[in-house]
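Worksheet for the structure shown next.
Positions are given from 1, in the same order as the sequence printed here. Start at 1 and go down the list; that is how both ligands and their atoms are numbered.
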Amino acid sequence: MKALVTGAAGFVGSTLSERLIAQGWEVVGVDAFSDYYAPALKRENLRNLARNPRFTLVEADLMEVDLTPLLASTNVIFHQAGQPGVRKSWGTDFAQYTRANIQVTQKLLEAAKASPNLQRFVYASSSSVYGDAESYPTSESLRPAPMSPYGVTKLAAEHLCTLYAKNYDVPTTSLRYFTVYGPRQRPDMAFTRFLHAANTGGTISIYGDGEQIRDFTYIDDIVEANVRAATMPTPNGAVMNVCGGSSVSVNQVLQTIEQITQRSLNVEYHDTVPGDVRRTGGDNSLIANLLEWSPETSVAAGLAHQWEWVRASSTTGRI
Ligand code: UGA
């Protein structure tokens, strides 16, 4: 099987690419190495893949590149690329979000229409499409109502996937990721920041009172959901939650970090940030039924893995 992984140098894209290579796939990875965070970290993510003859890196902006030759022999597109960051998507930055999240997805879908060997187009959607949901655990049938401009762009792109499936039979599946964490998590995200501060004695800034709740999801569970979405039969245009299965507050996370690291944390509480929702919590039953998927890693176990990674990375100056 041959995959095109967009955003292949990122947190999810690089981990997914490694898993596909380990399973015998050929992978073409596209990445623009944008500067939302240090491109050197993305190069580091690709360190193992770069040595593998079944992995090819195309360093390009998806809006600029000619997709036709890239997709000629592709069986599965894993569309992980995008402009991330819930809290940064306001103001003039919004243009980057519409371009990277909506326009790029539309361009890929147009190319996918004419792609002769395509069997599946897996789109990395987001729990941010829900905003503060009407009920918990939130099922896919509830009306999405994003709270951030970022969430609006992820939802728009998800709708594009569904309507290309309905109108043109593009075999799309959208996976709504709930706050992904684990080794290689982006440096702007909570767990990497908190663990880095634990390691260096730095100060942790909490947005609000720390009682906000997330359905944190471990990276290997996200990768497993992608592989299943690519290889198991699903209805074209399907949309599924992929969530860790536990609702944990940020304050509870801090306690767990103190237990794992055996260090006391310096924590400061600040104002809430526009765009942040109070709670996420997904209903996993659709993906359990369609893909026989369920989360395997608890927050405590996943945080311990991420702690090992943070410590190893900091000794080599990598984060
Ligand atoms: C994450 C990703 O960043 C988004 O790209 C993704 O789409 C989203 O998950 C999702 O699930 O849809 P977020 O939940 O904000 O967004 O993830 P974190 O950055 O790990 O933040 C988790 C919580 O910790 C948030 O409530 C945030 O306000 C809080 N936080 C984060 C802090 O209190 N301090 C920090 O320094 C960072």
Can you tell me if [X] uses its side chain to pair, donor with acceptor, with the backbone of [Y] under 3.5 Å?
X	Y	value
Asp283	Pro137	no
Thr217	Phe178	yes
Glu292	Asn289	no

Short N or O contacts of ligand 1 with protein, under 3.5 Å, listed by atom name?
from	atom 1	to	atom 2	distance (Å)
ligand 1	3 (O)	Arg186	NH2	2.9
ligand 1	5 (O)	Tyr150	OH	3.2
ligand 1	7 (O)	Ser126	OG	2.8
ligand 1	7 (O)	Tyr150	OH	2.8
ligand 1	9 (O)	Thr179	OG1	3.3
ligand 1	11 (O)	Ser127	OG	2.7
ligand 1	11 (O)	Tyr177	O	3.3
ligand 1	11 (O)	Thr179	N	2.7
ligand 1	11 (O)	Thr179	OG1	3.4
ligand 1	12 (O)	Ser126	OG	2.3
ligand 1	12 (O)	Ser127	N	3.1
ligand 1	12 (O)	Ser127	OG	3.0
ligand 1	12 (O)	Ser128	N	3.0
ligand 1	14 (O)	Thr179	OG1	2.8
ligand 1	14 (O)	Arg214	NE	2.9
ligand 1	15 (O)	Arg87	NH1	2.7
ligand 1	19 (O)	Arg87	NH2	2.8
ligand 1	19 (O)	Ala190	N	3.4
ligand 1	20 (O)	Ala190	N	3.0
ligand 1	26 (O)	Gln212	NE2	3.3
ligand 1	26 (O)	Arg214	NH2	3.1
ligand 1	28 (O)	Asp276	OD1	3.4
ligand 1	28 (O)	Asp276	OD2	2.3
ligand 1	33 (O)	Tyr207	N	2.9
ligand 1	34 (N)	Ser205	O	2.8
ligand 1	36 (O)	Arg193	NH1	2.9
ligand 1	36 (O)	Ser205	O	3.4

Taking the six-membered ring for Trp, are Tyr164 and Phe121 ring centroids under 6.0 Å apart?
no
Salt bridge (Lys or Arg N to Asp or Glu O under 4.0 Å) partners for Asp61, two or more places apart:
Arg99
Without hydrogens or angle criteria, can the side chains of Arg87 and Tyr207 be said to hold a donor-acceptor pair below 3.5 Å?
no
